[in-house]
2 protein chains.
Amino acid sequence: MVRQAALSRESVPTPDNTDPLAESGVCEGEAAAMMRAMPAKSVDLVFADPPYNLQLEGELTRPNHTRVDGVDDAWDQFDSLEAYDRFTRSWLQAARHVLKDDGTLWVIGSYHNIFRVGAILQDLGFWLLNDIVWNKTNPMPNFRGRRFANAHETLIWAAKSKGARHTFNHHSMKALNDDLQMRSDWEIPVCGGSERIKDAHGNKAHPTQKPEALLHRVILASTQPGDMVLDPFAGTGTTPAVAKRLRRRWLAIENDPDYAALTRERVHHVQPVKDTRLVEAQARRRQPRVPFGWLVERGLIEPGTILHGGAKGQHQAKVRADGNIVTTDATGSIHKIGAHVQGAPSCNGWQFWHIEQDDKLIPIDVLRQRVRAEMEG
Amino acid sequence: MVRQAALSRESVPTPDNTDPLAESGVCEGEAAAMMRAMPAKSVDLVFADPPYNLQLEGELTRPNHTRVDGVDDAWDQFDSLEAYDRFTRSWLQAARHVLKDDGTLWVIGSYHNIFRVGAILQDLGFWLLNDIVWNKTNPMPNFRGRRFANAHETLIWAAKSKGARHTFNHHSMKALNDDLQMRSDWEIPVCGGSERIKDAHGNKAHPTQKPEALLHRVILASTQPGDMVLDPFAGTGTTPAVAKRLRRRWLAIENDPDYAALTRERVHHVQPVKDTRLVEAQARRRQPRVPFGWLVERGLIEPGTILHGGAKGQHQAKVRADGNIVTTDATGSIHKIGAHVQGAPSCNGWQFWHIEQDDKLIPIDVLRQRVRAEMEG
DNA sequence: AAGCTGCGTGAATCATCTC
DNA sequence: TGAGATGATTCACGCAGCT
């Protein structure tokens with residue numbers, strides 16, 4: 001019974017050890033109650049991924065009629081906003097109890113809950129250090145075209161009180177970001193592939209497992225090796241796994257015994273790195289994509305401007321406010337209309353279309369380069 | 001009549017116009033009071049860039065949030081948060097009063113105030129549609145290296161209540177983003193250069209002037225031409241300027257007479273896009289409904305014609321004179337039978353079914369377009 | 001072998017009109 | 001007002017299976 005062995009080793013550190021904080025482990029129980037039972041001011045970092053209170057009703061299907069597997073678990077259901085606020089205030093107060101005076105707290109959420117969390121944090125006296133945006137590189141699209149694709153989640157990073165000291169490993173963050181100062185917007189893929197923990201049937205074990213890359217950055221930024229990291233909603237144990245790998249002590253609280261068991265097994269297989277610098281990912285830098293519409297938004301091209309197509313400007317089209325362009329018989333993107341007027345299967349609109357400036361025809365790609373230069377800073 | 005007096009130059013285009021909503025203009029006064037004095041349910045869009053915290057000294061004049069140095073040790077945090085909440089609840093309630101039932105509201109803020117704004121929005125019954133992240137391409141760096149560089153601001157987009165309808169120009173947003181659906185994270189530079197309004201001394205006239213690109217996307221996404229756009233904290237008039245250019249009506253409220261004057265002057269020089277079609281959403285929804293039976297009535301499809309279903313024409317059905325179609329085991333509308341033969345819960349029959357013409361399969365939607373073209377002319 | 005294609009899926013507050 | 005009909009709507013990425 002590999003699992004049993006792993007279970008006991010990780011969860012009950014040593015028989016003679018009566019202080020649960022001396023070693024890492026998983027505690028089964030409700031977050032607020034467990035934290036209240038812990039010694040005060042004993043934790044350097046709290047990372048919390050609480051229920052979001054999504055309030056999903058009915059079901060949603062993709063255009064191909066497949067069903068979206070929404071988060072409808074009982075633990076995400078609350079009777080009202082007030083009930084969610086009570087729950088939130090309760091566990092945040094308990095987190096405040098276990099947090100050292102110079103410790104910090106992270107909470108992740110979406111627009112469903114994060115405003116309530118942030119306001120209650122301020123009400124309780126926490127001091128907000130940053131709000132961080134996790135931009136997902138591969139989010140689920142909006143299938144009905146009724147809103148913007150919900151492509152990010154928000155993290156709040158807070159110190160225990162105004163004026164409190166806090167740990168921020170500025171140079172580690174710079175190193176992690178090609179020697180550029182780390183910004184408040186992080187581009188990280190959602191958790192999938194082999195990193196995603198599966199159950200016995202091969203389905204995802206937990207509906208909201210967070211990527212290790214996210215926790216890597218959080219823990220590396222705001223703790224030192226040996227610090228105590230607490231996750232009161234541990235789920236399948238991403239926080240413990242990364243904490244162990246980065247040589248931090250850790251405590252996990254999880255109400256669901258199945259999740260708790262998965263965490264113990266997962267952490268058991270994690271090897272702490274010998275040198276944390278070796279696992280610091282290099283941020284990829286791609287040439288940023290610049291849609292044509294952005295030139296219109298930014299006033300580099302006015303709506304109504306005439307674009308001239310081809311080397312001699314044989315073709316013409318007019319720019320709409322939304323970035324589409326219009327000829328006598330068609331409307332569409334610079335690429336589509338470029339192909340259309342040439343009778344070609346495809347076309348790179350950036351090189352095909354030109355604007356007139358000082359009696360010369362200039363490819364619109366020149367304007368794109370200007371936007372990219374701005375984006376570089 | 002304070003309001004009448006406040007309306008001037010830009011705001012009263014014709015002397016005999018006594019209805020401020022009939023035309024655009026700037027009203028000088030306090031946001032909540034002015035909105036309460038306006039007719040109920042008269043505005044399609046509210047865009048608000050409120051002060052971060054009205055009660056905190058210096059806050060307004062310092063957009064880089066550098067007040068952590070203990071300048072304001074004296075103020076009592078709890079009282080100030082409460083005062084800010086009262087202020088926020090007051091103007092949001094007033095905004096709710098002027099907003100049409102199918103109108104929407106945008107608020108922009110930073111982590112200092114946005115959580116309070118979002119929570120109060122939910123408390124007042126607004127229904128959050130998205131939170132949008134404005135990622136600044138050229139943010140101010142964090143000089144002390146104690147936190148992450150604060151490189152974004154947050155916008156909340158909300159409908160008036162749960163279940164309320166709202167405008168979202170999905171196709172315009174797609175067009176603006178190279179035919180990919182628009183995400184909740186927007187990359188736009190901060191306002192600078194020639195766009196930045198300067199005062200008589202050549203200094204920036206307003207500390208937190210927003211870029212026109214931001215408003216371009218907001219207004220294009222969530223209004224139609226001719227809609228009424230209200231900005232209760234207009235500052236130097238970015239919202240009015242973009243609204244006018246995009247052929248929306250607009251109302252600006254601004255407490256500071258100097259800012260109000262700058263707005264009037266700025267808007268005076270804005271030229272609306274000449275061709276109205278360039279600023280319209282590509283509203284497929286507005287196209288007249290054409291029942292399939294009309295194609296039969298008009299002789300575009302003969303009774304008895306065979307329809308071929310799917311890209312390869314795997315499925316077949318025969319057209320009846322009444323516009324229903326028939327397979328071996330069922331009769332019904334193009335949609336119902338399309339769903340039936342695929343075993344799908346629903347189906348868009350216009351795109352699913354094809355007719356044979358010159359050895360090619362043509363979607364029947366092409367015939368519908370022909371009918372619509374006839375109806376136009 | 002390397003490359004191509006098709007399929008599955010991710011914290012989702014995801015309709016509107018007519019009768 | 002409620003029920004029923006109409007018909008609009010998806011992006012990135014990993015992986016399995018195939019050429």
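Protein chains get the first letters and strands the later ones, always in sequence-line order, with residue 1 at the start of each.
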Rounded to the nearest Å, what distance is computed from the CZ atom of residue A/Arg144 to the C1' atom of nucleotide C/dT16? 12 Å
Base, sugar-phosphate alone, or nothing: which one does B/Lys174 contact when heavy atoms must sit under 4.0 Å apart? sugar-phosphate
At less than 4.0 Å, is any side-chain N or O atom of A/His152 found next to OP1 or OP2 of C/dA11? Yes or no. no
Can you check the distance between D/dC18 and C/dA1, where both ends of the measurement are the C1' atom (answer in whole Å)? 13 Å
Nearest-Å distance once atom C1' is located in both C/dC7 and D/dT10: 14 Å
In this structure, how many angstroms lie between the C1' atom of D/dT9 and the CG atom of B/Asn348, rounded? 10 Å
Heavy-atom nearest nucleotide on DNA chain D for A/Gly193 versus A/Asn64: which residue maps closer to 5'? A/Asn64
Distance-only check: which donor-acceptor pairs under 3.5 Å involve side-chain atoms of residues 336-343 of chain B, not counting sequence neighbours?
| from | atom 1 | to | atom 2 | distance (Å) |
| --- | --- | --- | --- | --- |
| B/His340 | NE2 | B/Asp329 | OD1 | 3.4 |
| B/His340 | NE2 | B/Asp329 | OD2 | 3.3 |
| B/Gln342 | NE2 | B/Gly338 | O | 3.2 |

Quick check on B/Lys100: does its NZ atom have over 12 non-hydrogen neighbours (other residues, nucleotides or ligands) under 6.0 Å away? yes
I need the single residue from A/Thr236, A/Thr238, A/Asp49, A/Thr239 that forms a side-chain hydrogen bond (donor to acceptor under 3.5 Å, both in side chains) with A/Lys210. Which is it? A/Asp49
Please evaluate the base of C/dG10 for a donor-acceptor partner in the side chain of A/Arg62 within a cut-off of under 3.5 Å? yes
Any donor-acceptor N/O pair under 3.5 Å between C/dT13 base and A/Arg147 side chain: yes
First of A/Gly192 and B/Phe126 reached from the 5' end of DNA chain C, by closest nucleotide: A/Gly192
Over all strands shown, is A/Asn142 touching base, sugar-phosphate only, or nothing at heavy-atom distances under 4.0 angstrom? base
Nearest whole Å is fine: how far is C/dA11 C1' from A/Ile114 CD1? 12 Å
Heavy atoms from C-beta onward define the side chain here; which of D/dT10, D/dT6, C/dT16 lies closest to that of A/Pro63? D/dT10
For A/His206 and C/dA11, is the shortest distance between a side-chain N/O and OP1 or OP2 below 4.0 Å? no
If we take the P atom in both C/dA11 and D/dC15, what is their distance in whole Å? 16 Å
Nearest-nucleotide wise, let me know which of A/Lys204 and A/Gln55 is further upstream toward the 5' end of DNA chain C. A/Lys204
Taking the nucleotide of DNA chain D with the closest heavy atom to each, which residue, A/Pro189 or B/Lys336, is nearer the 5' end? B/Lys336
Given the structure, check if the side chain of B/Ser333 and the base of D/dA5 hold any donor-acceptor pair shorter than 3.5 Å. no
Provide, to the nearest angstrom, the distance between the NE2 atom belonging to B/His335 and the P atom belonging to D/dT6. 6 Å
Taking atom C1' in both C/dT16 and D/dT1, compute the distance separating them and give it to the nearest angstrom. 15 Å
Is A/Pro50 touching bases, backbone alone, or none of the nucleic acid, heavy atoms closer than 4.0 Å? base
Can you figure out which of D/dT10, C/dT13, C/dC14 approaches the side chain of A/His112 most closely? C/dT13
Quantified in whole Å, what is the P atom distance between nucleotide C/dC14 and nucleotide D/dG7? 23 Å
State whether B/Trp157 and A/Arg147 meet the cation-pi test: NZ (Lys) or CZ (Arg) under 6.0 Å from the six-membered ring centroid, and within 45° of the perpendicular axis. no
Stacking between A/Phe143 and the base of C/dC14 (centre distance under 5.5 Å, interplanar angle under 30°)? no
Measure from CD on A/Gln209 to C1' on D/dG14 and round the result to the nearest Å. 15 Å
Could you verify whether a donor N or O on one side chain and an acceptor N or O on the other, from B/Trp106 and B/Ser222, lie under 3.5 Å apart? yes
With heavy atoms under 4.0 Å as the rule, sort A/Arg67 into base, sugar-phosphate or nothing. nothing
For A/Pro139, report the nucleic acid contact type (base, sugar-phosphate, nothing); a contact means any heavy atom under 4.0 Å. base
State whether A/Arg146 places a side-chain N or O below 4.0 Å from either non-bridging phosphate oxygen (OP1 or OP2) of D/dA8. no
From CZ of B/Phe168 across to C1' of D/dT9 the rounded distance in Å is 12 Å
Please report the distance, rounded to the nearest Å, between CG in B/Asp131 and P in C/dT13. 10 Å
Under 4.0 Å between any heavy atoms, over every strand shown, what does A/Asp76 touch: base, sugar-phosphate, or nothing? Just pick one. base
Who pairs with A/Asp69 by salt bridge (Lys or Arg N to Asp or Glu O under 4.0 Å), at least two apart in sequence or on another chain? A/Lys204
Surrounding NZ of A/Lys198 (heavy atoms of other residues, nucleotides or ligands, distance under 6.0 Å), is the total greater than 12? yes
With a sphere of 6.0 Å drawn around CZ of B/Arg298, does it hold more than 12 non-hydrogen atoms of other residues, nucleotides or ligands? yes
Quick check on C/dA12: is either OP1 or OP2 less than 4.0 Å from any side-chain nitrogen or oxygen of A/Ser110? no
Identify whether any heavy atom of A/Glu195 sits under 4.0 Å from a base atom; if not, whether one sits that close to sugar-phosphate; answer base, sugar-phosphate or nothing. nothing
How is B/Leu129 classified with respect to the nucleic acid when contacts are heavy atoms under 4.0 Å: base, sugar-phosphate, or nothing? nothing
Syn/anti label of D/dT9 as read from its glycosidic torsion, with the cut at 90° from 0: anti
Report yes if a side-chain nitrogen or oxygen of A/Tyr111 is closer than 4.0 Å to either non-bridging phosphate oxygen (OP1 or OP2) of C/dT13; otherwise report no. yes
Side-chain N or O of B/Arg368 closer than 4.0 Å to phosphate OP1/OP2 of D/dT6: no
Whole-Å distance between C/dC14 C1' and A/Asp69 CG? 16 Å
Are the ring of B/Trp350 and the base ring of D/dG7 both nearer than 5.5 Å at their centres and tilted by less than 30°? no
Relative to the ring of A/Trp186, is the ring of B/Phe148 parallel (under 30°), tilted (30 to 60°) or perpendicular (over 60°)? perpendicular
Using only side-chain N and O atoms of B/Arg165, determine if any of them is under 4.0 Å from OP1 or OP2 of C/dC17. yes
Across the strands shown, which category fits A/Trp75 at heavy-atom distances under 4.0 angstrom: base, sugar-phosphate, nothing? base
